[in-house]
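Down below is the structure, laid out as structure tokens.
Everything quoted here is computed from the prediction, not taken from an experiment. One-based numbering, in listed order, for ligands and for the atoms of each.
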Amino acid sequence: MEKIKAVRGTKDILPHEVNKWQFLENKAREIFSLYGYKEIRTPIFEEISLFVRGIGQGTDIVRKEMYVFDDRKGRKLCLRPEGTAGVMRAFLEHNLADNSITKLFYTGPMFRYERPQAGRYRQHTQIGVEAIGSAEPSLDAEVISLVYNYFILAGLENIQVELNSVGCEKCRGKYKDILKEALAKNVTAFCPDCQERFNLNVLRMFDCKIPECQNFLNEAPKITDAICPDCQAHLAEVKAHLDLLKINYKMNPRLVRGLDYYTRTTFEIIFSSLGSQNAIAAGGRYDKLIHELGGDEIPGIGFAMGVERIVLALDSIGKKWPEMSSLEVYNIAVGSQKAYEYLFELTNKFRQSGISCEIDHRQRSLKSQLKTADKLKAKRVIILGDQELEKGIVLLRSMNTGVQREIKFEELFDLVKKEVLP
Ligand code: HAM
């Protein structure tokens, strides 16, 4: 019968590599807690309208990339393409606003029907944060410093912070007019998608991945030249605070990001040797999003990192990932059923005391069991055959040194426990 394969654009994370994901998630929890972030877990599917209102009708994500479906009652749902809208929905639904800044983080899968390639999947994993309740530019710098410090502490140093401001609802409209006017005479030279973007939301033309379209846009007026004095001042303060934190950044006036909810600050963290999918994290400010979703005017800023891309980046520089936790004891019974039963019970006793322990249920030869113990990276093995059983002892062998000792039954448990949990 034909075997069923994983769906195109999805990927299994296998036991021998899951330590990389665990390392990155644990590191995030560790660092996020230093900055006061608390975890939130929102559902993987939501109403489509959340993303249409949150991310924007004219974006590639909403137009082409969402996994949408009707449930059995005809509700219009979709798999979440990103985390911010769902977190804002939960923030409003559960009145999470308080007097200080509400700091939330999340990890989990996101789904986008994109063309799969290295570093781009239809299911990918994000680790993200959202800081809700302040429009102060120092918060922008703090959030950028958080993602920056995360990469440094995770061992990825060769990164570039790209920064831009997309202005506010007032000045962005003016910039769109300037951009439209500048592009109007050449619009037919752009790809059909861009021509559609020109009419829907001209800013979205910057999302196009086709090099010819990008080349035309290089000549276009810069958004940072068109934003209002308040947005200019906000950007200047963000930069000043980044300077204070000694974080290098490069201005990228084309960084408008593929989601409509951004206002003012946008940023990306680039690891350039990843090729075309080189954004390992990205984010920005969204001062109107909560209002757009039915709440008060509460500003916020956040980012999300792409875990698969970070794994690729760290692998490319030869990162030494932490080893999987190794096995403390491997119990080997050879000979009678009695020896096996003794070790079967001992295995349970070790586990109950918090000591990792394995036993071969098939009772294979000593040689095969030693081989398995080696493969499992067991630190020690306990060998019990009929001869030892008769004498009331076991052989305790250190797999590191090869030293083997005879230990009396009554001393064994306490001795191993003392070695493992001193
Ligand atoms: P985003 O730029 O769409 O932003 O995604 C964040 C990160 O997720 C990207 O920088 C990239 O590393 C990773 N990523 C995105 N799509 C894929 C994919 N198809 N395959 C692999 N990795 C991918 C957001 O989602 C915003 N919600 C970020 C944010 C949070 N803004 C404010 N708060």
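- Contact between Glu308 and ligand 1 is absent, with no heavy atom of the residue lying under 4.0 Å from the ligand.
- The residue Ile61 has no part lying near ligand 1, judged by heavy-atom distances below 4.0 Å.
- Short contacts between ligand 1 and Gly119, defined as distances under 4.0 Å to a heavy atom of the residue, involve ligand atoms 20 (N), 21 (C), 22 (N).
- From the protein, the heavy atom lying nearest to atom 10 (O) of ligand 1 is Ala279 O, 3.4 Å.
- Within the structure, ligand 1 has Ala281 among the residues with a heavy atom less than 4.0 angstrom away.
- At most 12 non-hydrogen atoms from other residues, nucleotides or ligands lie less than 6.0 angstrom from NZ of Lys417.
- Ring centroid separation for the pair Phe190 and Phe198 does not come in under the 6.0 Å cut-off.
- In terms of N/O distances under 3.5 Å, ligand 1 is approached by Thr84.
- Atom CG of Asp296 has 12 or fewer heavy atoms from other residues, nucleotides or ligands within 6.0 Å.
- Atoms of ligand 1 found under 4.0 Å from any heavy atom of Glu82 (numbered from 1 in listed order, with element): 25 (O), 26 (C), 27 (N).
- At least one N or O atom of Glu114 sits closer than 3.5 Å to an N or O atom of ligand 1.
- In Gln126, the part holding a heavy atom less than 4.0 Å from any atom of ligand 1 is the side chain.
- Regarding atom 1 (P) of ligand 1, its nearest protein heavy-atom neighbour is Arg257 NH2, 3.5 Å.
- Of the heavy atoms in Glu130, only side-chain atoms (C-beta onward) come closer than 4.0 Å to ligand 1.
- Taking every non-hydrogen atom of Ile280 and a distance limit under 4.0 Å, the qualifying atoms of ligand 1 come out as 12 (O).
- Panel note: side chain His234, backbone Asp230; no donor-acceptor pair is recorded below 3.5 Å.
- Residue Tyr262 has at least one heavy-atom neighbour below 4.0 Å for each of these atoms of ligand 1: 26 (C), 28 (C), 29 (C), 31 (N), 32 (C).
- Residue contact check: Gly283 has heavy atoms under 4.0 Å from atoms 31 (N) of ligand 1.
- A donor-acceptor pair is defined here as one N or O able to donate and one able to accept, closer than 3.5 Å; such a pair exists between the side chain of Gln195 and the backbone of Thr188.
- The neighbour count for Arg41 CZ, taken as heavy atoms of other residues, nucleotides or ligands under 6.0 Å away, does not exceed 12.
- The existence of a salt bridge linking Arg264 and Glu169 is excluded, since no basic side-chain nitrogen approaches an acidic carboxylate oxygen closer than 4.0 Å.
- Between Met305 and ligand 1, not a single N/O pair is under 3.5 Å apart.
- Ion pairing between a basic and an acidic side chain is recognised when a charged N comes within 4.0 Å of a carboxylate O; Arg285 and Asp140 show such pairing.
- Here the protein heavy atom with the shortest distance to atom 23 (C) of ligand 1 is His124 CD2, 3.3 Å.
- Remark: the backbone N or O of Leu370 is not paired with any side-chain donor or acceptor of Asp374 at under 3.5 angstrom.
- Shortest contact from atom 13 (C) of ligand 1 to any protein heavy atom: Gly306 CA, 3.6 Å.
- Below 3.5 Å of separation, one finds no N or O of Ala304 facing any N or O of ligand 1.
- Residue Tyr261 has at least one nitrogen or oxygen atom sitting less than 3.5 Å from a nitrogen or oxygen atom of ligand 1, judged on distance alone.
- With a 4.0 Å heavy-atom cut-off, ligand 1 is reached by no atom of Pro81.
- The shortest N or O to N or O distance between Tyr106 and ligand 1 is not below 3.5 Å.
- For the pair Lys38 and Phe105, the cation-pi test (distance below 6.0 Å, angle within 45°) is failed.
- In summary, the aromatic rings of Phe350 and Phe413 are positioned with their centroids under 6.0 Å apart.
- Counting atoms of ligand 1 from 1 in the listed order, those under 4.0 Å from a heavy atom of Phe303 are 29 (C), 30 (C), 32 (C), 33 (N).
- Taking the ring centre of Tyr150 as origin, the terminal cationic atom of Lys27 falls outside the region bounded by 6.0 Å and 45° from the ring axis.
- Looking at atom 25 (O) of ligand 1, its nearest protein heavy atom turns out to be Arg112 NH2, 3.1 Å.
- From Phe271, atom CZ reaches atom CG of Asn158 across 6.0 Å, with rounding to the nearest 0.5 Å.
- In this structure, the protein non-hydrogen atom closest to atom 20 (N) of ligand 1 is Tyr121 N, 3.0 Å.
- Between Arg122 and Glu65 there is no salt bridge, since no side-chain N of the basic residue sits under 4.0 Å from a carboxylate O of the acidic one.
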